[in-house]
2 protein chains.
Amino acid sequence: MANLHPHNHDHCIRTAIQRAQTVCEQQGVRLTPVRRRVLELVWQNHKPTGAYELLPQLAADGFNSAPPTVYRALDFLLEIGLIHRISSLNAFIGCDHPGGQHPTGFFICTDCGNAAELPAARLQAFSAELEQVMGVQVASSSYELTGLCGVCRLKP
Amino acid sequence: MANLHPHNHDHCIRTAIQRAQTVCEQQGVRLTPVRRRVLELVWQNHKPTGAYELLPQLAADGFNSAPPTVYRALDFLLEIGLIHRISSLNAFIGCDHPGGQHPTGFFICTDCGNAAELPAARLQAFSAELEQVMGVQVASSSYELTGLCGVCRLKP
DNA sequence: GAGAATTAGGTTATAATGTTGCAATTCTAC
DNA sequence: GTAGAATTGCAACATTATAACCTAATTCTC
Ligand SMILES: [Zn+2]
Ligand SMILES: [Zn+2]
Ligand SMILES: [Zn+2]
Ligand SMILES: [Zn+2]
């Protein structure tokens with residue numbers, strides 16, 4: 001929602017990094033320079049970013065830049081819930097409200113490319129509803145929507 | 001649901017092929033031998049199937065077997081809604097109720113590997129709810145759940 | 001039916017995405 | 001400081017998907 005409208009994005013980045021540091025301290029894991037830089041790069045905008053897009057950017061910053069480096073950093077960030085993977089795009093995006101594991105859910109605008117996280121509470125409720133109806137036990141879920149965001153709907 | 005329990009699966013396959021023929025006639029497109037065989041192979045069980053798994057099976061049947069052949073057939077079947085793509089698995093699975101375009105939604109059991117399509121009406125309702133709440137216009141959606149199915153929950 | 005237009009398939013090569021295995025280094029805890 | 005764990009560097013490789021270009025089959029138009 002907010003992510004789909006113009007805003008001070010530097011604030012998004014700063015907040016994301018700060019939260020990441022907090023989360024890492026709480027969980028007793030290390031936000032090393034590569035991991036931190038990968039997180040910043042994923043947060044450079046609200047568009048899902050491919051792993052291979054990060055390689056040259058990391059290289060430009062003097063970091064090692066080979067697929068395993070990037071994937072290890074991404075796996076780490078996924079593991080502790082700082083980013084999500086958008087599997088329909090083979091891409092990654094920063095999590096808006098890290099701190100606890102929660103279902104992956106995004107709306108992605110096909111016009112501007114921005115993505116916004118879906119309200120976790122509703123996802124949770126829907127997942128619970130389906131568990132009931134289908135008699136299954138859900139362990140993880142991912143909901144990916146595409147279409148036009150509020151801004152792009154009103155463009156010429 | 002039914003797909004997750006033992007059943008006469010030959011019936012599933014026959015039904016799927018019959019429906020496919022109907023859909024293709026209605027839409028004025030051709031269910032060629034390769035396309036038909038790929039559909040049968042996708043329906044050989046209720047587990048999502050990777051494109052490259054199909055190659056040797058097609059070859060065994062005397063069909064041409066190169067990636068473009070399989071991907072073209074899969075693209076065709078996706079296009080007219082006879083199969084779905086499970087992007088978290090890079091795999092494909094037959095559609096339970098083809099005939100109209102509808103959102104992709106599956107529950108995949110992490111123990112037995114079987115997948116069952118989610119109730120389309122509920123997916124539709126949830127998508128509409130999110131459109132309202134977020135002020136966006138949804139064009140396509142995909143919901144992928146994993147966990148334990150009713151059968152596997154009760155195993156030792 | 002002949003010829004043009006469209007659609008489908010064959011073939012080769014290559015792009016894009018993601019992983020494995022192992023050695024070298026850095027960090028942590030005692 | 002030293003042992004063990006975690007992290008990184010590096011090279012090769014595996015998997016998934018597409019591009020480009022051409023031939024064959026089918027349908028359309030006359
Ligand atoms: Zn922002
Ligand atoms: Zn999130
Ligand atoms: Zn069946
Ligand atoms: Zn379906």
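Chain naming here is simple, since letters A, B, ... match the order of the sequence lines and numbering starts at 1 in each. The figures here come from the full heavy-atom set of this structure, side chains too, leaving out hydrogens, waters and symmetry mates.
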For [X], enumerate each residue passing the side-chain contact (heavy atoms from CB on, under 4.5 Å) test, keeping only those at least two apart in sequence or located in another chain.
X	result
A:D96	A:N3, A:W43, A:E117
A:E25	none
A:S140	B:T146

Between [atom2] on [N] and [atom1] on [X], what's the gap in Å once rounded to a whole number?
X	N	atom1	atom2	result
A:R35	D:dA6	CZ	P	11 Å
A:L55	D:dC10	CG	P	13 Å
B:L58	C:dG9	CG	P	11 Å
B:L31	C:dG9	CG	P	10 Å
A:I86	C:dG18	CD1	C1'	18 Å
B:R37	C:dG9	CZ	C1'	18 Å

Tell me if the aromatic rings of A:H7 and A:H9 count as close, with their centers under 6.0 Å from one another.
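Yes: the rings meet the under 6.0 Å criterion.
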I want to know whether A:Y143 and A:F106 have ring centres closer than 6.0 Å.
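So the answer is no for these two rings.
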Should A:T69 be listed as having a side-chain N or O under 4.0 Å from OP1 or OP2 of D:dC10?
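The answer is no; no side-chain N or O of A:T69 sits under 4.0 Å from OP1 or OP2.
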On the nucleotide C:dG9, are OP1 or OP2 found under 4.0 Å from the side-chain N or O atoms that B:N64 carries?
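Answer no for this pair, as no side-chain N or O of B:N64 is under 4.0 Å from OP1 or OP2.
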Pair listing, salt bridge (charged side-chain N to carboxylate O under 4.0 Å, His left out) test, anchored in residues 134-144 of chain A, at least two apart
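For residues 134-144 of chain A, and leaving out neighbouring residues, there are no salt bridge (charged side-chain N to carboxylate O under 4.0 Å, His left out) pairs at all.
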Enter the inter-axis angle for the ends of the helix from C:dG1-D:dC30 to C:dC30-D:dG1 (five pairs per end, rounded to 10°).
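Comparing the axis at each end, I get an angle of 40°.
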Which pairs, with at least one residue in residues 57-79 of chain B and sequence neighbours excluded, count as a ring pair (Phe, Tyr, Trp, His ring centres under 6.0 Å)?
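For residues 57-79 of chain B: none.
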Going by the rule side chain to side chain donor-acceptor pair (under 3.5 Å), which residues pair with A:R37 if we only count those two or more places apart in sequence or in a different chain?
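A:R37: side chain to side chain donor-acceptor pair (under 3.5 Å) contacts with A:E40, A:D61.
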Restricting to salt bridge (Lys or Arg N to Asp or Glu O under 4.0 Å), what partner residues turn up for B:R72, sequence neighbours left out?
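By the salt bridge (Lys or Arg N to Asp or Glu O under 4.0 Å) rule, B:R72 matches no residue at all.
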For nucleotides 16-27 of chain D, just jot down a letter per nucleotide in 5' to 3' order: B, S or -, based on protein non-hydrogen atoms under 4.0 Å.
BBBB------S-
